[in-house]
J.: 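Take a look at this one; I'll ask things after.
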Amino acid sequence: MKTGQKAPLPEPPDPPEGPSARRLLTGDLDLPAVELAQRLIGVMLLCEGVGGVISETEAYGRDDAASHSFRGPTLRNRSMFAGAGAVYVYRSYGLHWCFNIVARDAGAVLIRALEPRSGVDLMRQRRGRTDHLATGPGRLAQALAINIRHDGHDATAEPFALLDRLQEPDILMGPRIGINRERDRPWRFGLKGSRWLSRPIPAGGEPIAASVPRKEWESLP
DNA sequence: ATTATGATGCTCT
DNA sequence: GAGCATCATAATT
């Protein structure tokens, strides 16, 4: 019998998604932030061919005090006002880059984690380690070499690619991480059962029907 | 296992 | 000067 030792994690194989997945277009991204955040779970994100399957997202709405767009356009957040499908990149805590895809009406979806699938060796090299390659927004950006120079680019065009999922995933929801305002909104979404999450989704964050928006979350009290 | 803390740069008050 | 949509390391149960 085994001791309590945890088994080393097998590294992910290359391209299971294959070339058959449809590439998402700007029109696919023109959704309210809460819907887009769910729509992107299971989608493959690549930057110059390096990336994997999105496993965790967070939605930030226009009328959401936790959102960078809440107080209107500024130099930093101008990409959030560039229309759905734009890339919004900002620096976090002075050290890390965070990658967002802009949703409808100056909302955005923070891509918080993905399952490495393509270019894993390069991701390891950039991260300087073999595990925890893209679980967490700062780690993800480092692994994909995303930085401020990508701000304002089109998420559906080179160097980026979004390849659609082939099946509707089961999605968990929970409170967003690292914010102090609007803590009550369960706008963090994760692929059910995935180990590629920055943190587990707390129990009680019940599964929701994949990609079905809940209107009651969309309006402010 | 969980909690604390320092690093670091930019935007807005 | 305050406050971050964070992460890695160290200290502590």
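Chain letters run A, B, ... following the sequence lines, proteins first and then strands; every chain starts at 1.
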J.: Kindly indicate, with the supporting measurements, whether the criterion salt bridge (charged side-chain N to carboxylate O under 4.0 Å, His left out) is fulfilled by R176(A) and D64(A).
T.: CA-CA 12 Å; R176(A) 294 176 292 184; D64(A) 170 3; 2.7 Å; yes
J.: Let me know which of R126(A), E115(A), R124(A) forms a side chain to side chain contact (heavy atoms under 4.5 Å, CB included) with L133(A).
T.: R124(A)
J.: Side chain to side chain donor-acceptor pair (under 3.5 Å) between N77(A) and S69(A): does it pass, once the steps are laid out?
T.: CA-CA 7 Å; N77(A) 68 14; S69(A) 61; over 6 Å; no
J.: List for me each residue that meets side-chain hydrogen bond (donor to acceptor under 3.5 Å, both in side chains) alongside R181(A), sequence neighbours excluded, and say none if there are none.
T.: none
J.: Which part of the nucleic acid, if any, lies within contact of N180(A), taking any heavy atom under 4.0 Å across all strands shown: a base, the sugar-phosphate backbone alone, or nothing?
T.: sugar-phosphate
J.: Quick one: label R176(A) by what it contacts on the DNA or RNA (base, sugar-phosphate, nothing), any heavy atom closer than 4.0 Å.
T.: nothing
J.: Which part of the nucleic acid does R127(A) contact within heavy-atom distance under 4.0 Å: base, sugar-phosphate only, or nothing?
T.: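 Counting heavy atoms under 4.0 Å across all strands, the contact made by R127(A) is with sugar-phosphate only.
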J.: Check every strand shown and say whether I179(A) touches a base, only sugar-phosphate, or nothing at a heavy-atom separation below 4.0 Å.
T.: sugar-phosphate
J.: Under 3.5 Å for both distances, Watson-Crick or G-U wobble, that's the pair rule; now give the dot-bracket for DNA chain B, with | marking pairs to another strand and [ ] for crossing ones.
T.: |||||||.||||.
J.: Output yes when D164(A) and R39(A) qualify as a salt bridge under the 4.0 Å nitrogen-oxygen rule, no when they do not.
T.: yes
J.: What is the first contacted nucleotide of DNA chain C and what is the last, in 5' to 3' order, if contact means an atom lying under 4.0 angstrom from a heavy atom of chain A?
T.: dC4(C) to dA8(C)
J.: What pairs of residues pass the ring-ring contact (aromatic ring centres under 6.0 Å, His included) test when at least one of them lies in residues 110-153 of chain A, not counting sequence neighbours?
T.: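 Residue pairs passing ring-ring contact (aromatic ring centres under 6.0 Å, His included), neighbours aside: H150(A)-F160(A).
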J.: If you count the non-hydrogen atoms of other residues, nucleotides and ligands that lie under 6.0 Å from CD in E158(A), is the total more than 12?
T.: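 Check passes, neighbour count above 12.
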J.: Compute both the distance and the angle, then confirm whether R62(A) meets the cation-pi test with F81(A): under 6.0 Å from the six-membered ring centre, within 45 degrees of the axis.
T.: no
J.: Between H68(A) and R129(A), just flag the one whose closest nucleotide in DNA chain C comes earlier from the 5' side.
T.: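 Checking each residue's closest nucleotide, the 5'-ward one belongs to H68(A).
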J.: Checking S55(A) now: which residues fulfil side-chain hydrogen bond (donor to acceptor under 3.5 Å, both in side chains) with it, not counting sequence neighbours?
T.: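 Once residues adjacent in sequence are excluded, S55(A) has no partner under the side-chain hydrogen bond (donor to acceptor under 3.5 Å, both in side chains) criterion.
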J.: Strictly under 6.0 Å, is that where the ring centroids of H68(A) and Y60(A) end up?
T.: no
J.: Only one of V34(A), I41(A), L29(A), T57(A) forms a side chain to side chain contact (heavy atoms under 4.5 Å, CB included) with V109(A), so which one is it?
T.: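 Passing option: T57(A).
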J.: Assign S198(A) to base, sugar-phosphate, or nothing according to its heavy-atom contacts below 4.0 angstrom with the strands shown.
T.: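 No contact.
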J.: Mind checking which nucleotides bracket the chain A contacts on DNA chain B, 5' to 3', with an atom under 4.0 Å from a heavy atom?
T.: dA7(B) to dC12(B)
